[in-house]
Number of protein chains: 2
Amino acid sequence: MSTECQPLEPATPAGDSLGKESLNKESLSKERLRLWLRMLRVTRQIEAELREKLRVEFDSTLPRFDVMAALFRDSDGLKMNELSKRLRVSNGNVTGIVERLVDDGAVERIAIEGDRRATLVRLTAAGRATFTEMARAHEGWVNALLDGVTEDDAHHIGELLHGLPADTGERQ
Amino acid sequence: MSTECQPLEPATPAGDSLGKESLNKESLSKERLRLWLRMLRVTRQIEAELREKLRVEFDSTLPRFDVMAALFRDSDGLKMNELSKRLRVSNGNVTGIVERLVDDGAVERIAIEGDRRATLVRLTAAGRATFTEMARAHEGWVNALLDGVTEDDAHHIGELLHGLPADTGERQ
DNA sequence: GGGAAATAGTTCAAGTATGAAATTTCAAGT
DNA sequence: ACTTGAAATTTCATACTTGAACTATTTCCC
């Protein structure tokens, strides 16, 4: 959903006693909020279009795509554990998605010798083939959706986002 | 979820016969994909933190917050219809969220005279009070999460996002 | 006026998502 | 060996989300 709330009235109204308006903390906070709302709206919109494309053209979904993408990168397979860390979603969530991918024949579970708690999850050959097609299409869709963005823009925004607390988290 | 896929190998590999690499279509496409993945990751991360905050501090959720925000802006109330258009979510979705907000006492349904199909949905006094608190906190959280973003940055990214196909859609 | 089309909502099935509890297995320490 | 604790997953309750089917009401048009 959209978080369609707009900045409320400033707590420090008209006359600002701290200095230039544009250097004001209130103003900066409002501007960041506006930015966040716009980022959210754009992201949601793009996600919706990608989801629709995946649904219509591949009878698949974004979560499935995400899981397959992670497994495609680690072609030796991942433990459920690692998968959920990689995708930053809850453990139980991954269980369900993988379950459906197994039903689809795109993914297989492999027992790990020496640890009967864990399971390895891996793309099947069919899964790899399907994902390769999906990924190619996906890149095309994104490219089209970000039509107005030049390479410089992309690079610039990327840099700005990169410094954010939200982007510097525990990845890997 | 995350769409953690990285750009695959370029279809046009090393030697590029079309001109400078940075002006290459392939390269631009990859750069846009990279940008999209980063936007998605940052957005998801911020959303996750906001959701957590709402849960812990207000025992609420983002969808509830979004609905309340929309109703706060239109203090006369909105029809379910308008609400779902405003938030860009499905009709049935809004039904459920409003239902829970009604249970919470934050929202009330009001019959519309002259059209027995539609219902008006409005924040209660309690709902307005609660939302005012939540919105203040929310702005603070966003402000903190976007800590590294200057006012110029915010403005710049905002402008770039603004031109996107995804942002120019049927709003309001 | 009467019926087709449009509009407003709810309901439904399936999938996604979380956080918490429960289960099974492993790893130590005693 | 035994128990305690950690680790890997699944299960569960709840909630969100979509797209489609369904109901009820209104509007339009002949």
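All chains are named by letter (A, B, ...) in the order of the sequence lines, taking the proteins before the strands, and each is independently numbered beginning at 1. Note that the structure is a prediction, hence the values are computed from the model and not measured.
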**Spacing between A/Asp115 atom CG and C/dA27 atom P, to the nearest angstrom** = 7 Å
**Message:** Output the rounded distance in Å from NZ (A/Lys79) to C1' (D/dT10).
**Reply:** 16 Å
**Message:** I'd like to know whether CG of B/Asp103 has more than 12 heavy-atom contacts from other residues, nucleotides or ligands below 6.0 angstrom.
**Reply:** yes
**Prompt:** Which listed nucleotide (D/dT9, C/dT10, D/dT25) is nearest to the side chain of B/Met80?
**Reply:** C/dT10
**Request:** Grab the CG-P distance between B/Leu54 and C/dT18 for me, whole Å please.
**Result:** 15 Å
**Asked** Nearest to the side chain of B/Thr95 - C/dT11, C/dT16, C/dG19?
**Response** C/dT11
**Request:** Between A/Gly92 and A/Ala48, name the one whose nearest nucleotide on DNA chain D is closer to the 5' end.
**Result:** A/Gly92
**Prompt:** Once you round it to whole Å, what is the distance between P of C/dT18 and CZ of B/Arg55?
**Reply:** 11 Å
**Message:** Pairing check on C/dT30: which nucleotide meets the Watson-Crick or G-U wobble criteria with it, both distances under 3.5 Å?
**Reply:** D/dA1
**Request:** Would you kindly compare A/Thr119 and A/Glu52 by the position of their nearest DNA chain D nucleotide and give the one closer to the 5′ end?
**Result:** A/Thr119
**Item:** Side-chain touch A/Thr43/B/Glu47, heavy atoms, less than 4.5 angstrom
**Value:** no
**d(CD1, A/Ile112; C1', D/dA7) in whole Å** = 12 Å
**Message:** Of the listed nucleotides (C/dG15, D/dT17, D/dT18), which one gets closest to any side-chain atom of B/Ile97?
**Reply:** D/dT17
**Prompt:** Do you reckon B/Ile110 sits in the same ILVMFWY cluster as B/Ile112, going by side-chain contacts under 4.5 Å, direct or chained?
**Reply:** yes
**Fill in**
Checking C/dT10, D/dG19, C/dG15 against the side chain of A/Arg64 (C-beta onward), the nearest is C/dG15
**Prompt:** Quick one: do A/Arg55 and A/Glu52 make a salt bridge, cutoff under 4.0 Å?
**Reply:** yes
**Prompt:** Separation of B/Arg116 atom CZ from D/dT27 atom C1', in whole Å?
**Reply:** 15 Å
**Asked** Can any side-chain N or O of B/Ser84 pair as donor or acceptor with the backbone N or O of B/Asn81 at less than 3.5 Å?
**Response** yes
**Asked** C/dG9, D/dT25, C/dA17: which one has an atom nearest the side-chain heavy atoms of B/Asn81?
**Response** C/dG9
**Message:** Measuring from the side chain of B/Arg51 (C-beta onward, heavy atoms only), which nucleotide among D/dT25, C/dT18, D/dT9 has the closest atom?
**Reply:** C/dT18
**Fill in**
Ranking D/dA8, C/dA8, C/dT18 by distance to the side chain of A/Asn93, first place goes to C/dT18
**Prompt:** So which nucleotide from C/dT18, D/dG19, C/dT10 ends up closest to the side chain of B/Ser90?
**Reply:** D/dG19
**Item:** Listed nucleotide nearest any side-chain atom of B/Val89, set C/dT10, D/dT18, D/dA6
**Value:** D/dT18
**Item:** Interatomic distance, B/Glu47 CD vs C/dT16 P [rounded to whole Å]
**Value:** 17 Å
**Request:** Rounded off to whole Å, could you give me the CD-to-P distance for the A/Glu99 and C/dA17 pair?
**Result:** 15 Å
**Prompt:** Is there a donor on the side chain of B/Arg117 or the base of C/dT7 sitting less than 3.5 Å from an acceptor on the other?
**Reply:** yes
**Request:** Check whether any side-chain heavy atom of B/Glu151 sits under 4.5 Å from a side-chain heavy atom of B/His155, and report yes or no.
**Result:** no
